[in-house]
Amino acid sequence: MTEIRRIAVNTGGGDAPGLNAVIRAVVLAAERLGWEVFGITDSYDGLLREDQLVRLDRKAVRGITHLGGTILGTTNRGNPLKYPVTDASGRVTFVDRSQDVVDALTRHRIDALIAIGGDGSLDIAHQLSKKGVNVVGVPKTIDNDLAATELTFGFTTAVETATDAIDKLHSTAEAHERVMVVELMGRNAGWIALHAGLAGTADVILIPEIPYHLDVVCEKIERRYADGRNFAIVVVAEGAYAVGGEPLFKQTRDGQQRLGGMAEVVAREINEGTGRETRELVLGHLQRGGGPNAYDRLLALRFGAAAVRLVQEGAFGTMVALDPPDVIGVPLGDAIARLKTVPVDGDEVRTARAMGICLGD
Ligand code: F6P
């Protein structure tokens with residue numbers, strides 16, 4: 001078994017509340033075993049651009065458990081397998097620089113890497129593992145769409161932020177007798193929308209797993225107004241779409257395609273279908289901002305400590321996963337094989353139906 005003396009840790013992809021708690025847990029648990037810990041900044045960019053690591057000791061991770069963001073920085077544009085290179089004419093091409101990562105880790109005498117990230121970052125970790133790097137992954141995403149783990153940290157904090165927003169929308173919706181349509185994150189999974197919509201008592205929740213019929217949504221709103229409730233709250237997952245339609249993407253300024261724009265579409269459709277005044281709101285990155293709630297802090301600390309345990313056991317090519325009541329190791333390959341979407345006959349969906357919430361079908 002590899003003798004561990006020096007390990008590295010990085011955070012990749014979009015941030016999620018709890019990243020700093022994982023980093024702190026990794027450092028503290030590793031120090032107790034006498035290992036040195038180094039951080040790679042901005043996913044793998046710190047290694048690829050400057051060939052540099054940052055020493056992380058107990059002092060460096062003091063007081064960060066409750067902080068949002070990541071002290072290491074992150075990016076969703078620095079994939080070493082498809083690394084963007086800009087030539088003199090400004091043309092961007094993509095090259096595989098994974099071997100450069102492997103070489104840099106060897107040069108810095110790193111015995112194991114703890115890679116914290118979502119499906120994209122875990123795929124990179126899996127490829128590095130195939131190239132012989134001793135990797136343990138830690139799942140992170142507010143979307144909660146990784147199949148191998150019951151939960152990812154950051155999700156419940158995002159749901160709280162979204163629920164708080166829905167709560168606040170109620171009073172302004174009621175004051176103006178409007179239909180407020182709020183778009184929530186989650187990519188192609190409706191977890192955030194469904195959980196926040198239920199907790200925030202939305203009237204309509206549209207998720208990608210259940211394509212919606214506009215007339216069903218409009219009927220629900222009309223029924224509500226007929227019942228004397230002169231406002232309505234509609235929650236739309238960013239990946240939701242109508243029956244026969246498809247998810248909506250927006251071209252961003254950096255030339256990438258991102259899901260988004262459904263709140264505007266649904267608000268317009270409801271206005272046209274019912275004549276009611278509508279307004280839309282895209283909650284966006286607020287859902288990723290701020291510190292983790294107590295649950296996500298605890299989950300993140302457990303994941304960090306478990307990742308160090310897996311490194312100690314030599315269980316490489318794995319990812320930590322919540323398998324209640326335990327945190328276990330699962331093969332990275334299995335972890336990225338399938339996304340976890342909302343089961344349409346699952347308990348949350350059944351609860352929503354029992355509450356009379358319209359799911360658009
Ligand atoms: O995966 C997390 C997430 O916040 C998604 O819910 C959202 O679609 C995406 O990231 C936004 O990414 P970016 O940080 O590139 O705007």
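Values below: all heavy atoms of this structure, side chains included; hydrogens, waters and symmetry mates excluded. As the structure lists them, so they are numbered: ligands from 1, and atoms in each ligand from 1.
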For ligand 1, list all ligand N or O to protein N or O distances below 3.5 Å, rounded to 0.1 Å.
| residue | atom | partner | partner atom | Å |
| --- | --- | --- | --- | --- |
| ligand 1 | 1 (O) | D143 | OD2 | 2.6 |
| ligand 1 | 4 (O) | R288 | NH1 | 2.8 |
| ligand 1 | 6 (O) | D143 | OD1 | 2.7 |
| ligand 1 | 6 (O) | G186 | N | 3.1 |
| ligand 1 | 6 (O) | E238 | OE2 | 3.3 |
| ligand 1 | 8 (O) | E238 | OE1 | 3.4 |
| ligand 1 | 8 (O) | E238 | OE2 | 2.6 |
| ligand 1 | 10 (O) | R288 | NH1 | 3.0 |
| ligand 1 | 14 (O) | R288 | NH1 | 3.0 |
| ligand 1 | 14 (O) | R288 | NH2 | 2.9 |
| ligand 1 | 15 (O) | N76 | ND2 | 3.0 |
| ligand 1 | 15 (O) | R258 | NE | 2.7 |
| ligand 1 | 15 (O) | R258 | NH2 | 2.8 |
| ligand 1 | 16 (O) | R258 | NE | 3.3 |
| ligand 1 | 16 (O) | H285 | NE2 | 2.8 |

note = The complete set of side chain to side chain donor-acceptor pair (under 3.5 Å) pairs with one or both residues in residues 195-213, sequence neighbours excluded, reads H195-E348, D203-R224, Y212-E269

key: Test item: E150 side-chain N/O and P324 main-chain N/O as donor-acceptor pair under 3.5 Å   = no

query = For residues R297 and T65, is any side-chain donor paired with an opposing acceptor at under 3.5 Å?
reply = no

task = Scan residues 176-198 for pairs that pass salt bridge (Lys or Arg N to Asp or Glu O under 4.0 Å), counting only residues two or more places apart or in two chains.
result = D119-R187, D143-R187, D145-R187, R178-E277

inquiry  = Looking only at side-chain N and O atoms, does D296 offer a donor or acceptor that is under 3.5 Å from a partner on T156?
reply    = yes

request  = Determine which pairs satisfy side chain to side chain donor-acceptor pair (under 3.5 Å) with at least one residue from residues 7-21, sequence neighbours left out, and list them in order.
outcome  = T11-T70, D15-R288

